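Structure record follows, encoded as structure tokens.
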Amino acid sequence: MKQKSDKQKQKDYTLSKIKKGLIEKHGKTCCICQNECEPDLMHLLPKSIYPEHYLNPANLVLGCRACHQSFDDNQAFRKLQIDLYDQVAEFDLMNAARYFGMNN
């Protein structure tokens, strides 16, 4: 099994702090369906495409597993999430429009 680098361990630590802060602020509630859950930490702009926003707290929210998967896999679903689009547009308008499909 491959060990994590010190750099990745630091990123994981930062993400865990952000998740803890979001849980303290919003509780264990999905930002999309508003149901109580054991939330995932969701990247609004995915880290694989937009690595520059990987640790940006404004790019991270809490979501249940079902909404997280729908958000990641379904642009029509993502396009309905106007509040999340607005959150991303605050720091990256061009990529928010592209990823959420607001240009279509």
Side-chain angles (χ1 to χ4, degrees):
M1 186 163 118
K2 187 176 177 183
Q3 289 188 359
K4 290 184 180 182
S5 68
D6 289 341
K7 190 174 184 178
Q8 187 58 51
K9 287 178 187 175
Q10 183 60 43
K11 288 178 181 180
D12 290 348
Y13 176 74
T14 300
L15 290 172
S16 71
K17 283 178 54 178
I18 292 169
K19 183 177 181 179
K20 182 179 178 189
L22 287 170
I23 289 171
E24 288 173 359
K25 185 174 181 179
H26 302 289
K28 291 185 172 187
T29 303
C30 175
C31 69
I32 296 173
C33 69
Q34 304 302 312
N35 288 329
E36 289 289 317
C37 61
E38 190 56 48
D40 289 346
L41 187 61
M42 295 173 48
H43 286 85
L44 298 176
L45 292 177
K47 58 191 175 212
S48 60
I49 302 171
Y50 306 98
E52 66 273 23
H53 297 304
Y54 182 61
L55 297 175
N56 179 352
N59 189 46
L60 295 160
V61 295
L62 299 173
C64 70
R65 180 63 46 101
C67 288
H68 188 178
Q69 187 168 357
S70 293
F71 184 85
D72 286 352
D73 297 343
N74 185 329
Q75 189 178 59
F77 178 86
R78 194 165 46 243
K79 194 172 187 174
L80 298 173
Q81 311 313 314
I82 302 302
D83 290 342
L84 298 180
Y85 166 80
D86 289 343
Q87 182 172 329
V88 174
E90 289 280 322
F91 65 86
D92 194 335
L93 178 59
M94 182 179 69
N95 287 318
R98 180 178 296 134
Y99 188 66
F100 282 74
M102 297 305 194
N103 294 333
N104 306 349

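Not measured: the values here are computed from a predicted model. Hydrogens, waters and symmetry mates are skipped; everything else that's a heavy atom, side chains included, is used.
Partners of Lys4 under the salt bridge (charged side-chain N to carboxylate O under 4.0 Å, His left out) rule, at least two apart in sequence or in another chain, are Asp12.
The neighbour count for Gln69 CD, taken as heavy atoms of other residues, nucleotides or ligands under 6.0 Å away, does not exceed 12.
When all heavy atoms of Pro39 and Cys37 are compared, the pair lying nearest together is CD-O, 3.0 Å. Residues Leu41 and Leu15 come closest through the heavy atom pair CD2-O, 3.5 Å. Between Leu44 and Ala58, the shortest heavy-atom contact is CD1-O, 4.0 Å. Scanning both residues, Gln87 and Leu60, for their nearest heavy atoms gives NE2-O, 4.0 Å.
Follow the hydrophobic side-chain contacts under 4.5 Å out from Tyr13 and you never reach Leu55; the two are in separate clusters. Leu22 is connected to Tyr54 through a chain of hydrophobic side-chain contacts under 4.5 Å among Ile, Leu, Val, Met, Phe, Trp and Tyr, so both are in one cluster.
Between the side chain of Asn59 and the main chain of His43, no donor-acceptor pair closer than 3.5 Å is present.
Within the model, atoms NE2 of His68 and CG of Asp73 stand 9.0 Å from one another, a figure rounded to the nearest 0.5 Å. Note: Ser70 OG to Leu80 CG = 10.5 Å, rounded to the nearest 0.5 Å. Atoms CE and CD, from Met102 and Gln75 in turn, are 9.0 Å apart once rounded to the nearest 0.5 Å. To the nearest 0.5 Å, atoms SG (Cys31) and CG (Asp40) are separated by 10.5 Å. With values rounded to the nearest 0.5 angstrom, Leu84 atom CG is found 15.5 Å from Lys79 atom NZ.
Two residues are said to be in side-chain contact when any heavy atoms from C-beta on lie closer than 4.5 Å; Ile23 and Lys19 meet this criterion. Using a 4.5 Å heavy-atom cutoff, the side chains of Thr14 and Lys9 are not in contact. Using a 4.5 Å heavy-atom threshold, the side chains of Asn35 and Cys64 count as separate.
Gln34 and Thr29 share no side-chain donor-acceptor pair at under 3.5 Å.
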In residues 94-101, what donor-acceptor pairs under 3.5 Å come from side-chain atoms, sequence neighbours left out?
| unit_1 | atom_1 | unit_2 | atom_2 | d |
| --- | --- | --- | --- | --- |
| Asn95 | OD1 | Arg98 | NH1 | 2.6 |
| Asn95 | ND2 | Asp92 | OD1 | 3.3 |
| Asn95 | ND2 | Asp92 | OD2 | 3.0 |
| Tyr99 | OH | Arg78 | NH1 | 3.3 |

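Two rings, from Phe91 and His53, have their centers less than 6.0 Å apart.
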(request) Under the side-chain contact (heavy atoms from CB on, under 4.5 Å) rule, what do Leu62 and Lys28 come out as? Steps first, then yes or no, please. (result) CA-CA 8 Å; Leu62 299 173; Lys28 291 185 172 187; over 6 Å; no
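The side chain to side chain contact (heavy atoms under 4.5 Å, CB included) test with Val88 is passed by exactly one of Leu93, Val61, Asn56, Leu45: Leu45.
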